[in-house]
Every structure is written in C-alpha cells, then in structure tokens.
*Asks:* 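One structure coming up, written as structure tokens, with questions to follow.
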Amino acid sequence: MAAKIIDGKMRAKEVREGLKNEVLALKSSGTIPKLSVILVGEDPASHIYVSNKEKACSEVGIASEIHRLPSNTREIDLMKLVAKLNDDKNVHGILVQLPLPDQISEENILNSILPNKDVDGLGAQNMGMLVKGEGDPFIPCTPQGIIDLIKTTGIEIKGKNAIVVGRSNIVGKPAAILLLGQHATVTICHSRTLNLKEIISKADILVAAIGKPRLITGDMIKEGAAVIDVGTTRTAKGWEGDVDFDSAKEKAGYLTPVPGGVGPMTIAMLLKNTIKAASKK
Ligand code: NAP
C-alpha cells in the first residue's frame, strides 16, 4: 500500500495561523516579538534561508532584522554584536545562521547568546537542559518540527523502535533525545555504523538526517514505517532528500516529501520559539 504523504507545508501553515493569534495577544499587552538574525558571509543558500525566515516572521507579525556581515568578520566583532543584541530589551530572539566562516568558532558564538534569547536552542545551556529533561528549554527547530510531524500521523511514539540516521547537534542528536523523551526505543546511526541496512529495517520510525541524496531506499524500510526525510541536497535534479521517495512510498506507512516536508516546519518552529521568548520576558 502506498504511504500517506505527510504534508509539512500544510502543517506549517496551520502552526503559523495559530501563532498569529499569540502575536496579537502579545502585542495587545505591549510586547512586539522581535527576532534578530545574524548572517556572516556570502553563502547563497544561507541568504535564501535567512530571507525565508524574514518573510515568515512578517507573515505572523513578528518584527525581524537581519545583520549581514562580511565573510572576513572576526570572532570578537561577532561577539560584540551578539552582546549588543543580548542587551537590547526589544530583541527577544537571536539566531546566528550557520555555517560560520572558518575563523569563527560556532561553539563560542552559540554559547555567547543569552540562553533566554537562544531561539535556535543550540547553545550549551538549552541543549544541556534538553538532554537532562530539565526545565523548559528552547528546542532546536528542525527536531521540534520532526516530532510535530510524527505526531500529526496519529501513531503512538511510545515503545516504538525509532532509528535516527545522523548525529549532528542541529538535527540528529536532539531528534534522538526528543524521541527518547516520547518513550521510543532509540538507535542513532552515523557514517561509521555497521549494518546500516539491517538496523534501518527494524525502524517503526525512521529519521534520515544525513545529507546524502537517496541513500535510503524502499527495500531498506520496514513495511508501514513512518519515515521523516530531513535531507536537503541541491543536485542537478533540484532539492533531493536522503530517502528515495519513489521506492520508499511503496513500503512506508507515512513519508515526508522533499521539499515540502521538514523544511517548512523548521521555520514554523523558529517563529514558535521566538514567540515563546517574547512571552517569557
Ligand atoms: P551533518 O552535520 O553533515 O551530519 C550528517 C550526519 O550524517 C553525520 O552524523 C554523519 O555521520 C552522517 N552520515 C554521513 N554519511 C553517512 C552514511 N553513509 N551513513 C550513515 N550516516 C551518515 O548534517 P546536518 O546538519 O545534520 O544535516 C543533515 C541533512 O539535513 C542535510 O541534507 C541538511 O541540508 C538537512 N537539513 C535540513 C533542514 C531542514 O530544515 N529541512 C535543517 C537542517 C538540516 P558522522 O557523524 O559519522 O560524520
């Protein structure tokens, strides 16, 4: 039976509609939620991502500003800008678009953002709280969107075998922690994993966050599995996911498309985190 396609674009629209009301409520109490985005360098993909974030903010009524810095920016100067935004009472969320140029330590910059403005949730404090299951941290946007999409299928996560392929701090690791928090039995795979095919074949829930177009094919997938394809690689054919859509849709029970799956949810979750930051203030 062909998989049900999880429509991330539609779900993201629904989320944004809900957020508009939250923004109105905040505005009526005198707070205009504001996101500051810092973009260093000329990477064309990053420029597109940042413009999409700016557009999405304006659509729900969040104020936003983009600080565009040259690729030779020094770490100290970026730190100074972050410090200035940390001190700015009108700024509720700060996002530093990754990747950063080689001369700048991502870790130093992400950790310099005040935890209560770290709407990407990538700083050590928010990530540490997430891992410990402590308090109410900002959860990284892509993994948060992944869990939301899995929940829209109505399948119960509790007790299921969830396999996450990829262990980055941005996607794989936090996605695995969130699935664990939902009581899945979680396995994390990476480039040194042996028997990837065998492990994947046991997944009731499969999250592919690799960056290798169509690495996962239908024959590897368990019949009826929920498959979330995070991969987005620009190839001659356009944007491609990590999952071979055509063969996977014959085996999976649920499947996200690329584009139109996880991507729109990432932005919706950024808006959600920014509103949360403004509400916490
Ligand atoms: P990343 O930092 O490059 O991590 C990729 C992960 O995949 C690594 O853990 C790597 O293992 C693993 N891997 C590489 N080759 C593998 C193989 N042959 N078998 C098994 N595992 C393998 O990438 P990322 O930032 O997590 O992003 C992953 C993909 O998601 C990319 O295509 C990216 O563009 C996309 N993405 C999409 C969104 C969205 O909003 N749609 C957001 C973020 C990322 P090692 O750790 O051993 O190297």
*Asks:* When you check the side-chain N and O atoms of Gln182 and Lys160, is any donor under 3.5 Å from an acceptor?
*Replies:* no
*Asks:* So with a 6.0 Å cut-off around CG of Leu24, is the heavy-atom count from everything else above 12?
*Replies:* yes
*Asks:* Any sub-3.5 Å donor-acceptor pair from Lys13's side-chain atoms to Gly8's backbone N or O?
*Replies:* no
*Asks:* For Glu223, enumerate each residue passing the side-chain hydrogen bond (donor to acceptor under 3.5 Å, both in side chains) test, keeping only those at least two apart in sequence or located in another chain.
*Replies:* none
*Asks:* Show every donor-acceptor pair shorter than 3.5 Å between a side-chain atom in residues 112-123 and any protein atom, with sequence neighbours excluded, or say none if there are none.
*Replies:*
residue: Ser112; atom: OG; partner: Ile109; partner atom: O; Å: 2.7
residue: Lys117; atom: NZ; partner: Leu85; partner atom: O; Å: 2.9
residue: Lys117; atom: NZ; partner: Asn86; partner atom: O; Å: 2.9
residue: Lys117; atom: NZ; partner: Asp88; partner atom: O; Å: 2.8
residue: Lys117; atom: NZ; partner: Val91; partner atom: O; Å: 2.9
residue: Asp118; atom: OD1; partner: Gly121; partner atom: N; Å: 3.2
residue: Asp118; atom: OD1; partner: Leu122; partner atom: N; Å: 3.4
residue: Asp118; atom: OD2; partner: Leu122; partner atom: N; Å: 3.4
residue: Asp118; atom: OD2; partner: Gly123; partner atom: N; Å: 2.9
residue: Asp118; atom: OD2; partner: Asn126; partner atom: ND2; Å: 3.0

*Asks:* Evaluate the side chain to side chain contact (heavy atoms under 4.5 Å, CB included) criterion for residues Glu59 and Lys20: first the C-alpha distance (whole Å), next the side-chain angles of each, then the deciding distance (0.1 Å), finally the verdict.
*Replies:* CA-CA 8 Å; Glu59 195 203 307; Lys20 280 181 189 170; 4.1 Å; yes
*Asks:* Are Ile200 and Ile157 connected in a single hydrophobic cluster, I mean Ile/Leu/Val/Met/Phe/Trp/Tyr linked by side-chain heavy atoms less than 4.5 Å apart?
*Replies:* no
*Asks:* Is it the case that one hydrophobic cluster holds both Tyr49 and Leu270, taking links as side-chain heavy atoms less than 4.5 Å apart, direct or via other members?
*Replies:* no
*Asks:* Filter on side chain to side chain donor-acceptor pair (under 3.5 Å), then keep only pairs touching residues 68-77, sequence neighbours left out; what's left?
*Replies:* Arg74-Asp77, Glu75-Asn108
*Asks:* Do Ile275 and Lys272 have side chains that get closer than 4.5 Å, going by heavy atoms?
*Replies:* no
*Asks:* How many angstroms lie between OG1 in Thr233 and NZ in Lys237, if you round to the nearest 0.5 Å?
*Replies:* 12.5 Å
*Asks:* Identify the two heavy atoms, one from Ala56 and one from Ile267, that lie closest to each other, and give their separation to 0.1 Å.
*Replies:* CB-CG2, 3.4 Å
*Asks:* As an exercise, state the distance from CG of Leu26 to OG1 of Thr274, rounded to the nearest 0.5 Å.
*Replies:* 11.0 Å
*Asks:* Which value, rounded to the nearest 0.5 Å, describes the distance between His190 atom NE2 and Ser168 atom OG?
*Replies:* 12.5 Å
*Asks:* Between side-chain atoms of residues 202-211 and protein atoms elsewhere (two or more places apart, or another chain), which donor-acceptor pairs fall under 3.5 Å?
*Replies:*
residue: Asp204; atom: OD1; partner: Lys222; partner atom: NZ; Å: 2.7
residue: Asp204; atom: OD2; partner: Asn161; partner atom: N; Å: 2.8

*Asks:* What is the distance from atom CG of Asn273 to atom NZ of Lys280, rounded to the nearest 0.5 Å?
*Replies:* 9.0 Å
*Asks:* Report yes if the side chains of Thr31 and His92 come closer than 4.5 Å at any heavy-atom pair, otherwise no.
*Replies:* yes
*Asks:* Please say whether more than 12 non-hydrogen atoms of neighbouring residues, nucleotides or ligands are located less than 6.0 Å from NZ in Lys27.
*Replies:* yes
*Asks:* Any heavy-atom pair between the side chains of Leu35 and Leu271 that's under 4.5 Å?
*Replies:* no
*Asks:* For a quick test of your reading: what N or O donor-acceptor pairs under 3.5 Å do the side chains of residues 254-266 make, sequence neighbours left out?
*Replies:*
residue: Thr256; atom: OG1; partner: Asp229; partner atom: N; Å: 2.8
residue: Thr266; atom: OG1; partner: Thr142; partner atom: OG1; Å: 3.0
residue: Thr266; atom: OG1; partner: Val262; partner atom: O; Å: 3.4

*Asks:* Determine all donor-acceptor pairs shorter than 3.5 Å in which one atom belongs to a side chain in residues 132-141; sequence neighbours excluded.
*Replies:*
residue: Lys132; atom: NZ; partner: Glu134; partner atom: OE2; Å: 3.2
residue: Asp136; atom: OD1; partner: Lys276; partner atom: NZ; Å: 2.9

*Asks:* Identify which one of Lys53, His47, His67 satisfies the side-chain hydrogen bond (donor to acceptor under 3.5 Å, both in side chains) criterion when paired with Gln97.
*Replies:* Lys53
*Asks:* Tell me whether Leu179 shares a hydrophobic cluster with Val165, the cluster being built from Ile, Leu, Val, Met, Phe, Trp, Tyr side chains joined at under 4.5 Å.
*Replies:* no
*Asks:* Is it true that Asp148 and Arg11 have a side-chain N and a carboxylate O under 4.0 angstrom from each other?
*Replies:* yes
*Asks:* With side chains defined as the heavy atoms from C-beta onward, is the minimum distance between Val15 and Met269 less than 4.5 Å?
*Replies:* yes
*Asks:* Around atom CD of Glu107, are there more than 12 heavy atoms of other residues, nucleotides or ligands at under 6.0 Å?
*Replies:* no
*Asks:* What about Leu149 and Leu180, same hydrophobic cluster or not, with Ile/Leu/Val/Met/Phe/Trp/Tyr joined at side-chain heavy-atom distances under 4.5 Å?
*Replies:* yes
*Asks:* Linking I/L/V/M/F/W/Y whenever their side-chain heavy atoms sit closer than 4.5 Å, directly or via other members, would Ile188 and Ile146 fall into one cluster?
*Replies:* yes
*Asks:* Would you kindly say whether Glu54 and Ser64 are connected by a side-chain donor-acceptor distance under 3.5 Å?
*Replies:* no
*Asks:* Taking it one step at a time, do Val227 and Ile216 satisfy side chain to side chain contact (heavy atoms under 4.5 Å, CB included)?
*Replies:* CA-CA 10 Å; Val227 179; Ile216 295 172; 5.9 Å; no
*Asks:* As a quick check of understanding, evaluate side chain to side chain contact (heavy atoms under 4.5 Å, CB included) for Leu95 and Ser36, giving each step before the final call.
*Replies:* CA-CA 6 Å; Leu95 181 148; Ser36 280; over 6 Å; no
*Asks:* How many angstroms lie between CD1 in Ile199 and CE in Met220, if you round to the nearest 0.5 Å?
*Replies:* 10.0 Å
*Asks:* Keeping the roles fixed (side chain from Asp242, backbone from Arg214), state whether a donor-acceptor pair exists under 3.5 Å.
*Replies:* no
*Asks:* Evaluate side chain to side chain contact (heavy atoms under 4.5 Å, CB included) for Ile150 paired with Ile155, printing each intermediate quantity in order.
*Replies:* CA-CA 7 Å; Ile150 297 171; Ile155 64 165; 4.1 Å; yes
*Asks:* Atom CD of Glu22 and atom CZ of Arg16: how far apart are they, to the nearest 0.5 Å?
*Replies:* 14.5 Å
*Asks:* Do NZ/NE/NH1/NH2 and the carboxylate oxygens of Asp219 and Lys197 come within less than 4.0 Å?
*Replies:* yes
*Asks:* Any non-hydrogen side-chain atom of Leu81 less than 4.5 Å from a side-chain atom of Ile38?
*Replies:* yes
*Asks:* How far apart are the closest heavy atoms of Leu130 and Pro174, and which atoms are they?
*Replies:* CD2-CB, 3.9 Å
*Asks:* Check Phe245 against Ile5 and note the closest heavy-atom contact, atom names and distance.
*Replies:* CZ-CD1, 3.5 Å
*Asks:* For the residue pair Ile62 and Ile32, establish whether any side-chain heavy-atom pair is separated by less than 4.5 Å.
*Replies:* no
*Asks:* Minimum heavy-atom separation for Pro143 and Val171, please, with both atom names.
*Replies:* CG-O, 3.8 Å
*Asks:* Do you know the tightest heavy-atom contact between Pro33 and Ala278?
*Replies:* CB-CB, 3.7 Å
*Asks:* Can you see which heavy atom on Lys34 is nearest to which on Asn90, and at what distance?
*Replies:* CB-O, 3.2 Å
